[in-house]
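The sequence lines fix the lettering, A, B, ..., with proteins before strands; numbering per chain opens at 1. These numbers come from the heavy atoms of this one structure, side chains and all, not from hydrogens, waters or symmetry mates.
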Number of protein chains: 2
Amino acid sequence: MVDRSQVLTTLADSDVGRGLSANELEQVMALGQLQKMDPGQEIVRQLTPAEAVFLSCAGTVMVERNALNGRRQVIAFLRRGDYLGFTATTRYLYSATALEPCVMLKFPRKKFIALCDEIPGLKENLAHINNTVLASLLDHLFAIGQKRAHERLAFLIYQFYLRDGSPESGSAIQLPMSRTDIGDYLGLTLETTSRAFSRLRKEGIISTPDHHSVVIEQQEQLEDLAEVD
Amino acid sequence: MVDRSQVLTTLADSDVGRGLSANELEQVMALGQLQKMDPGQEIVRQLTPAEAVFLSCAGTVMVERNALNGRRQVIAFLRRGDYLGFTATTRYLYSATALEPCVMLKFPRKKFIALCDEIPGLKENLAHINNTVLASLLDHLFAIGQKRAHERLAFLIYQFYLRDGSPESGSAIQLPMSRTDIGDYLGLTLETTSRAFSRLRKEGIISTPDHHSVVIEQQEQLEDLAEVD
DNA sequence: CGCATGTTTGACTGTAGTCAAGATGTGTGG
DNA sequence: CCACACATCTTGACTACAGTCAAACATGCG
């Protein structure tokens, strides 16, 4: 069983619910349905009708786009408080799968959009999220288009560092995805990704206590490699 | 002198003005100020305060992001009817320059946003544009992250083909930008871009009457190379 | 303990980047 | 009208980075 009050907190703290009154938050919650996902489980499937939008409440979700020939571009790794469901069409432009045990708050798209008209703050928030997503896509585009392998990896690690709230030096950052997933996010193969890890390790910029943890040893150097502008 | 009624038509036909009443269109027009730009002239500069948004009315505009070390990612080529001005922050995340003589309709950002609250249709349109931009960024990301040089070029040519309304086979598509610009859009050097042109020519997929025109000779093959999903 | 999965490393290949020369095209001035 | 200078694009030769294929190395789980 998932604790509904925890989800309410997640909603209130998220970009979706930020600034809404208790009453409005309740309205949003009332529309949503909690859904637990197991690792590897598909949340939305590319090209199927986009009938729902989601708020991620726990766990990490991988968003990806697949081509017919098997090539895959990972678009984002969503976490607690992140919104899922953008589309300019009636079908999803991407698939999303749970990387860990996840809790998603699921909303019927049409009703959610209708609710946006009733709660102006919610509509504002969605617009702002849209701009935020756009900004991070620009960063991503720059990294893939202009950076070298180890710089791209630095970019990803730095993103996770910032999202964890720039923790103390020495604390470990969790990377719940595989090397293949990281590679597909950065436009690299898994081997090149692995070599990029080795390079950053050898240069003393990071250490990796285990395959899914990174410790930043030299923050400035990492930042220089990761910088976008 | 720019013809104001032509601009009104552009606005009405664009994603910005679509579906608005004559009255509403007039309100929007009244807020805007026409601005002619010469080739090479800067329309917005990265990291300066984002005080204006624009509707492109004529000419092609290049949107790019520059890093301190000189690396550059071209983000988009805007044309008649395209909107310019998204930002999640108070500063522009990109620069925009005119590639040809351009006409831009310039709006004070704050007043434009205020107008969105008065004209619901305008707000809807902006939200939809946002989703469209997002979708095309996903395509772009996939192309750069997963495709080979000649496939990326096919992707760009196919985009321009679609934006011209899929013209008759045999008609030329205009590419007003340089090989360097194309390269920076696709994450390639200008030499690799040039070789990609040569390859598509040699394979009989395109022909290039001059450096700024492309004729699609084999549409299906081009589409296969360009395909995103 | 042994297998399965995921990661790292090595050897080699291939694609794109770099550096440089030549070709093409445009505009200017004699 | 031609000659020249300058831009831009194309091509060639070589280099470097990332991809491929394969083996070895961890790690975790039954």
Separation of [X] atom [atom1] from [N] atom [atom2], in whole Å?
| X | N | atom1 | atom2 | value |
| --- | --- | --- | --- | --- |
| B:L186 | C:dT15 | CG | P | 18 Å |
| B:R152 | C:dT15 | CZ | P | 13 Å |
| A:L190 | C:dG10 | CG | P | 16 Å |
| B:Q146 | C:dA16 | CD | P | 13 Å |
| A:M177 | C:dG6 | CE | C1' | 15 Å |
| B:H212 | C:dT24 | NE2 | P | 17 Å |
| B:R179 | D:dT11 | CZ | P | 11 Å |

Strictly below 4.0 Å: does A:R201 bring a side-chain N or O up to OP1 or OP2 of C:dT8? yes
Report yes if a side-chain nitrogen or oxygen of B:T180 is closer than 4.0 Å to either non-bridging phosphate oxygen (OP1 or OP2) of D:dT8; otherwise report no. no
May I ask you to say what B:S194 touches in the nucleic acid, namely base, sugar-phosphate or nothing, with a heavy-atom cut-off under 4.0 Å? base
One thing to verify: whether [Y] and [X] come together as a salt bridge, which I'm taking to mean a side-chain N less than 4.0 angstrom from a carboxylate O.
| X | Y | answer |
| --- | --- | --- |
| B:E151 | A:R71 | yes |
| A:R199 | A:E203 | yes |
| A:E51 | A:R109 | no |
| A:R179 | A:D184 | no |

For A:A149 and for B:F197, locate the closest nucleotide of DNA chain D by heavy-atom distance; then report the residue assigned to the nucleotide nearer the 5' terminus. B:F197
Polar atom pairs between nucleotides 17-20 of chain C and protein, under 3.5 Å, N or O only, would you list them?
unit_1 : atom_1 : unit_2 : atom_2 : d
C:dG17 : OP2    : B:T189 : N      : 3.3
C:dG17 : OP2    : B:T189 : OG1    : 3.2
C:dG17 : OP2    : B:T192 : OG1    : 2.5
C:dT18 : O4     : B:R195 : NH2    : 2.8
C:dC19 : N4     : B:E191 : OE2    : 3.2

Under 3.5 Å donor-acceptor, B:Q35 side chain and B:K106 backbone: no
Think B:R45 forms a cation-pi with B:Y92, using NZ or CZ under 6.0 Å from the six-ring centre and within 45 degrees of its axis? no
Answer yes or no on whether B:R163 is positioned over the face of B:F160, meaning its NZ or CZ is under 6.0 Å from the six-membered ring centre and within 45° of the axis. yes
Full working for side chain to side chain contact (heavy atoms under 4.5 Å, CB included) between B:V215 and B:T208: CA-CA 6 Å; B:V215 175; B:T208 52; over 6 Å; no
Hunt down the Watson-Crick or G-U wobble partner of D:dT27, both distances under 3.5 Å, from any strand shown, or write none. C:dA4
Which nucleotide in C:dT7, C:dT15, D:dC9 has an atom nearest any side-chain atom of B:R148: C:dT15
Between protein and nucleic acid, restricted to nucleotides 26-30 of chain D and to nitrogen or oxygen atoms under 3.5 Å apart, what atom pairs and distances do you find?
none

Is there a side-chain contact between A:Q46 and A:R65 (heavy atoms, below 4.5 Å)? yes
Would you classify D:dA5 as syn or anti? Syn applies when the glycosidic angle is within 90° of 0. anti
